[in-house]
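The figures that follow rest on heavy atoms only: side chains count, while hydrogens, waters and symmetry mates do not. In the text below, chain A, chain B and the rest are named by the order of the sequence lines, each starting its count at 1.
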2 protein chains.
Amino acid sequence: MKFDDKVPIYYQIKQHVYHEMMTGALQPGAKLPAVRQLALDLTVNVNTVQRALSELIAEGTLVSQRGKGNFVTSDQELIARLKETLIMTQLAVAYDQLHGLNMSDDEIITSMQRYIKQREVQTDDSIND
Amino acid sequence: MKFDDKVPIYYQIKQHVYHEMMTGALQPGAKLPAVRQLALDLTVNVNTVQRALSELIAEGTLVSQRGKGNFVTSDQELIARLKETLIMTQLAVAYDQLHGLNMSDDEIITSMQRYIKQREVQTDDSIND
DNA sequence: CCTAGTGTTATATTTATCTATTACAATATA
DNA sequence: TATATTGTAATAGATAAATATAACACTAGG
């Protein structure tokens with residue numbers, strides 16, 4: 001995994017877990033890889049992984065069972081709320097950033113549409129996502 | 001100015017300058033406030049301001065004149081290219097983030113439209129931008 | 001009971017960032 | 001020619017983040 005060196009790694013790992021939960025790669029109740037394995041996969045120190053997971057555990061997104069492993073919560077209600085929050089937060093961030101570049105509401109929509117169209121063209125010869 | 005404690009301050013100051021150039025608050029050739037004044041305004045150290053400006057100077061966005069001040073480049077061509085780059089970068093970031101939350105291209109557009117509509121309602125009793 | 005695998009915690013070291021402070025270099029102006 | 005204002009640079013100290021390493025705590029399985 002590639003990290004943005006402008007943002008703490010532990011924070012990016014948190015986002016990574018959210019991401020996998022949203023895409024379904026991590027289902028409710030699913031067992032995560034062992035922390036030492038995650039550290040290897042992400043090419044990062046165990047303590048850094050642990051810091052990210054600790055925060056996710058503290059907020060209830062993950063459940064830790066000493067000696068067994070870390071698991072995604074089975075509380076579907078909590079996951080649904082989390083998803084809503086993540087989406088709304090990202091929409092707000094995206095809007096603010098574009099609006100901050102002096103784009104009007106209409107320009108934001110149309111330029112995003114244009115970007116997506118152009119992106120489809122650039123990838124139409126591959127079988128990418 | 002409020003800073004995100006997850007991102008280096010000097011980096012956020014760079015973005016702040018870009019922002020002001022895009023909105024027209026900083027026109028081509030315009031003189032910036034003195035570095036010591038900027039430090040006061042932003043409530044940060046002079047060295048932190050200097051680090052941000054140094055990078056902007058190195059890339060040609062700003063021009064420094066020792067004893068006189070720092071100025072926005074008068075190279076309109078460079079500014080136009082910068083604007084294009086900033087917008088395309090932000091569109092890509094926004095798209096990737098939302099797409100990463102498992103949203104389809106259509107969902108990205110429609111949810112952004114919904115977000116903007118809802119935002120208008122929430123602010124329709126004020127004279128905010 | 002022992003061992004392997006799991007999460008958890010602690011210490012020390014390194015690096016990046018930010019700060020405070022001081023000094024130097026160039027320009028404008030009184 | 002002074003003096004103030006500007007950008008620039010250097011030093012030293014504080015803090016946060018990440019690392020390497022080691023140890024501890026719990027669980028499962030032979």
Side-chain angles (χ1 to χ4, degrees), chain A residues 1-18 20-21 26-75, chain B residues 1-18 20-21 26-75:
Chain A
M1 181 177 174
K2 49 161 186 34
F3 293 107
D4 178 349
D5 68 358
K6 293 291 186 302
V7 182
I9 294 175
Y10 81 90
Y11 190 81
Q12 295 181 65
I13 294 175
K14 279 181 71 176
Q15 304 301 316
H16 176 66
V17 172
Y18 288 140
E20 299 225 293
M21 289 174 64
L26 278 178
Q27 294 285 328
K31 183 176 189 292
L32 274 70
V35 288
R36 291 171 183 79
Q37 187 57 48
L38 274 176
L40 286 177
D41 295 346
L42 303 172
T43 331
V44 140
N45 192 270
V46 182
N47 290 324
T48 306
V49 172
Q50 187 66 28
R51 172 156 186 189
L53 299 192
S54 296
E55 296 195 0
L56 291 166
I57 291 163
E59 71 187 37
T61 304
L62 299 183
V63 176
S64 163
Q65 288 189 266
R66 204 187 186 103
K68 290 185 173 177
N70 291 310
F71 303 83
V72 176
T73 179
S74 297
D75 184 343
Chain B
M1 181 177 175
K2 47 160 188 36
F3 293 107
D4 179 348
D5 67 359
K6 293 289 187 303
V7 182
I9 295 176
Y10 80 89
Y11 191 80
Q12 295 181 64
I13 294 176
K14 279 182 72 176
Q15 304 301 316
H16 176 66
V17 172
Y18 289 140
E20 299 225 292
M21 288 174 64
L26 278 179
Q27 294 285 330
K31 183 177 189 293
L32 274 71
V35 288
R36 290 170 183 79
Q37 187 57 48
L38 274 176
L40 286 176
D41 295 346
L42 303 172
T43 333
V44 296
N45 191 271
V46 181
N47 291 324
T48 306
V49 172
Q50 187 66 28
R51 171 156 186 190
L53 299 192
S54 296
E55 296 194 1
L56 291 166
I57 291 163
E59 71 189 36
T61 303
L62 299 184
V63 176
S64 164
Q65 289 189 264
R66 206 187 184 99
K68 289 185 174 178
N70 291 309
F71 302 82
V72 175
T73 180
S74 297
D75 184 344

[atom1]/[X] to [atom2]/[Y] distance, rounded to the nearest 0.5 angstrom?
X       : Y       : atom1 : atom2 : answer
B:Met1  : B:Leu38 : CE    : CG    : 11.0 Å
B:Asp5  : A:Tyr11 : CG    : OH    : 9.0 Å
A:Leu26 : A:Thr61 : CG    : OG1   : 11.5 Å
A:Gln12 : A:Lys6  : CD    : NZ    : 11.0 Å
B:Leu42 : B:Lys2  : CG    : NZ    : 12.0 Å

Taking the side chain from A:Gln50 and the backbone from A:Val35, do they hold a donor-acceptor pair closer than 3.5 Å?
no
From [atom1] of [X] over to [atom2] of [N], roughly how many Å is that when rounded to an integer?
X       : N      : atom1 : atom2 : value
B:Lys6  : D:dA18 : NZ    : P     : 11 Å
A:Asn70 : D:dC26 : CG    : C1'   : 13 Å
B:Leu56 : D:dT8  : CG    : P     : 12 Å
A:Leu32 : C:dT8  : CG    : C1'   : 16 Å
A:Phe71 : D:dC26 : CZ    : C1'   : 13 Å
A:Arg51 : C:dT8  : CZ    : C1'   : 15 Å
B:Gln12 : C:dA16 : CD    : C1'   : 15 Å
B:Gln50 : C:dA25 : CD    : P     : 16 Å

On a heavy-atom basis, which atom in [X] and which in [Y] lie closest, and how many Å separate them?
X       : Y       : value
A:Asn45 : A:Ala39 : C-CB, 4.0 Å
A:Leu62 : A:Val72 : CD2-CA, 3.8 Å
A:Ser74 : A:Gly29 : OG-CA, 3.6 Å

Can you tell me if B:Tyr10 touches the phosphate of C:dT17, counting only side-chain N or O atoms and a distance under 4.0 Å to OP1 or OP2?
yes
Answer yes or no: does a side-chain N or O of B:Ser54 lie under 4.0 Å from OP1 or OP2 of D:dT8?
no
Kindly state which residues belonging to residues 33-48 of chain B come within less than 4.0 angstrom of DNA chain C, counting heavy atoms of the residue only, listed by number.
B:Arg36, B:Val44, B:Asn45, B:Asn47, B:Thr48
Pairs under 3.5 Å (N/O, protein and nucleotides 26-30 of chain C):
unit_1 : atom_1 : unit_2  : atom_2 : d
C:dA28 : OP1    : B:Lys68 : NZ     : 3.4

